[in-house]
Student: 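What follows is a single structure, and I will ask about it in a moment.
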Amino acid sequence: MSNGSDAASIRQGAVPGPRSAELPLPPAAVPHDGDIADGLEEAYWSVYDGAASKATVRQILARLPRIVHQIGRLAWSADRSATLSVVFLQLASATMTAFGLMASVAVLRELFAEGPTPDRVRAAIPQLLFVVGLLSARALLELLTK
């Protein structure tokens, strides 16, 4: 685009003409001494790259109490009431999940019992409604933590 008429023709949807000058070819080889990444500085967070993938279960479990303590201390210093409410709501949500799983076993026990299928489904309805209630309560508790 050497002049304004080329720009105007492109805006109108016309195809531009060929270039007037040839572009230079790229170099045959990248000029460098040694590794091309030698001049790059390592980011502070990349020091731990791969550490989690190399950690064993025992190492992770050994670090877990210290990490939970650090997170708890940080959350407590940021907002005590929010921290207490989140801990309470998460424990209540976990309780609802546990009871929901136990109630699911009761539903399956009724469904897999002997007898005609419609009777088994009717017998499982109370437990099924209980599971729905528990999971709804859990969803509400999860919503309150956000």
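Just the heavy atoms: all of them, side chains too, but no hydrogens, waters or symmetry mates, feed the values below.
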Student: Under the salt bridge (Lys or Arg N to Asp or Glu O under 4.0 Å) definition, can you give me all pairs with a residue in residues 122-137, not counting sequence neighbours?
Tutor: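 As it turns out, the salt bridge (Lys or Arg N to Asp or Glu O under 4.0 Å) pairs with a partner in residues 122-137, which skip direct neighbours, are Asp119-Arg122.
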Student: Mind checking whether Leu134 and Leu144 sit in one hydrophobic cluster, side chains of I, L, V, M, F, W, Y counted as touching below 4.5 Å?
Tutor: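 In one cluster: yes.
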Student: Taking only residues two or more places apart in sequence, or in another chain, which ones meet Arg109 in a side-chain hydrogen bond (donor to acceptor under 3.5 Å, both in side chains)?
Tutor: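 Listed in chain order: nothing, the list is empty.
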Student: Could you name each residue pair satisfying salt bridge (Lys or Arg N to Asp or Glu O under 4.0 Å) that touches residues 73-101, not counting sequence neighbours?
Tutor: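 Sorted result for residues 73-101: empty, none.
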Student: Roughly how far apart are Ile67 CD1 and Ile60 CD1, rounded to 0.5 Å?
Tutor: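 Atom-to-atom, Ile67:CD1 and Ile60:CD1 are 9.0 Å apart.
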Student: Is the closest side-chain heavy-atom distance between Gln127 and Glu110 below 4.5 Å?
Tutor: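 In short, these two side chains touch, coming nearer than 4.5 Å.
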Student: Would a single hydrophobic cluster contain both Met96 and Leu128, if residues Ile, Leu, Val, Met, Phe, Trp and Tyr are joined by side-chain heavy-atom contacts under 4.5 Å?
Tutor: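 Not linked; separate clusters.
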Student: Are the side chain of Arg120 and the backbone N or O of Glu114 linked by a donor-acceptor pair below 3.5 Å?
Tutor: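 Side chain of Arg120 to backbone of Glu114: no pair is present.
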Student: What do the steps show when you test Leu74 against Gln70 for side chain to side chain contact (heavy atoms under 4.5 Å, CB included), and what is the final call?
Tutor: CA-CA 6 Å; Leu74 178 65; Gln70 288 175 343; over 6 Å; no
Student: Please name the pair of heavy atoms, one in Thr83 and one in Ala75, separated by the smallest distance, quoted to 0.1 Å.
Tutor: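 Closest approach of Thr83 to Ala75, heavy atoms only: OG1-O, 2.8 Å.
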Student: Under 3.5 Å, side chain of Ser93 to main-chain N/O of Leu89, donor-acceptor pair present?
Tutor: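 A pair under 3.5 Å: no.
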Student: Give the C-alpha distance, both sets of side-chain angles, the deciding distance and a yes or no for side chain to side chain contact (heavy atoms under 4.5 Å, CB included) between Lys54 and Gln59.
Tutor: CA-CA 10 Å; Lys54 295 174 188 168; Gln59 290 171 334; over 6 Å; no
Student: Name all residues meeting the side-chain hydrogen bond (donor to acceptor under 3.5 Å, both in side chains) criterion together with Ser20; count only those two or more places apart in sequence or in a different chain, and write none if there are none.
Tutor: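 side-chain hydrogen bond (donor to acceptor under 3.5 Å, both in side chains) list for Ser20, sorted by chain: empty.
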Student: Name all pairs fulfilling the salt bridge (Lys or Arg N to Asp or Glu O under 4.0 Å) condition that reach into residues 126-140, sequence neighbours left out, sorted by first residue then second.
Tutor: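 Every pair satisfying salt bridge (Lys or Arg N to Asp or Glu O under 4.0 Å) with a residue in residues 126-140: there are none.
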Student: With sequence neighbours left out, what residues match Leu111 under side chain to side chain contact (heavy atoms under 4.5 Å, CB included)?
Tutor: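 For Leu111 the side chain to side chain contact (heavy atoms under 4.5 Å, CB included) partners, ignoring immediate neighbours, are Val107, Val121, Ala124.
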Student: Hey, what do you get for OG1 (Thr97) to CG (Leu135), rounding to the nearest 0.5 Å?
Tutor: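 It is 7.5 Å, given to the nearest 0.5 Å.
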Student: Are the side chains of Phe99 and Met102 in contact, using a 4.5 Å heavy-atom criterion?
Tutor: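 When only atoms from C-beta onward are counted, Phe99 and Met102 do touch, with a gap below 4.5 Å.
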Student: Same cluster or not: are Leu91 and Trp76 linked, directly or through other Ile, Leu, Val, Met, Phe, Trp or Tyr residues, by side-chain heavy atoms under 4.5 angstrom apart?
Tutor: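 No; Trp76 is not reachable from Leu91 via cluster members.
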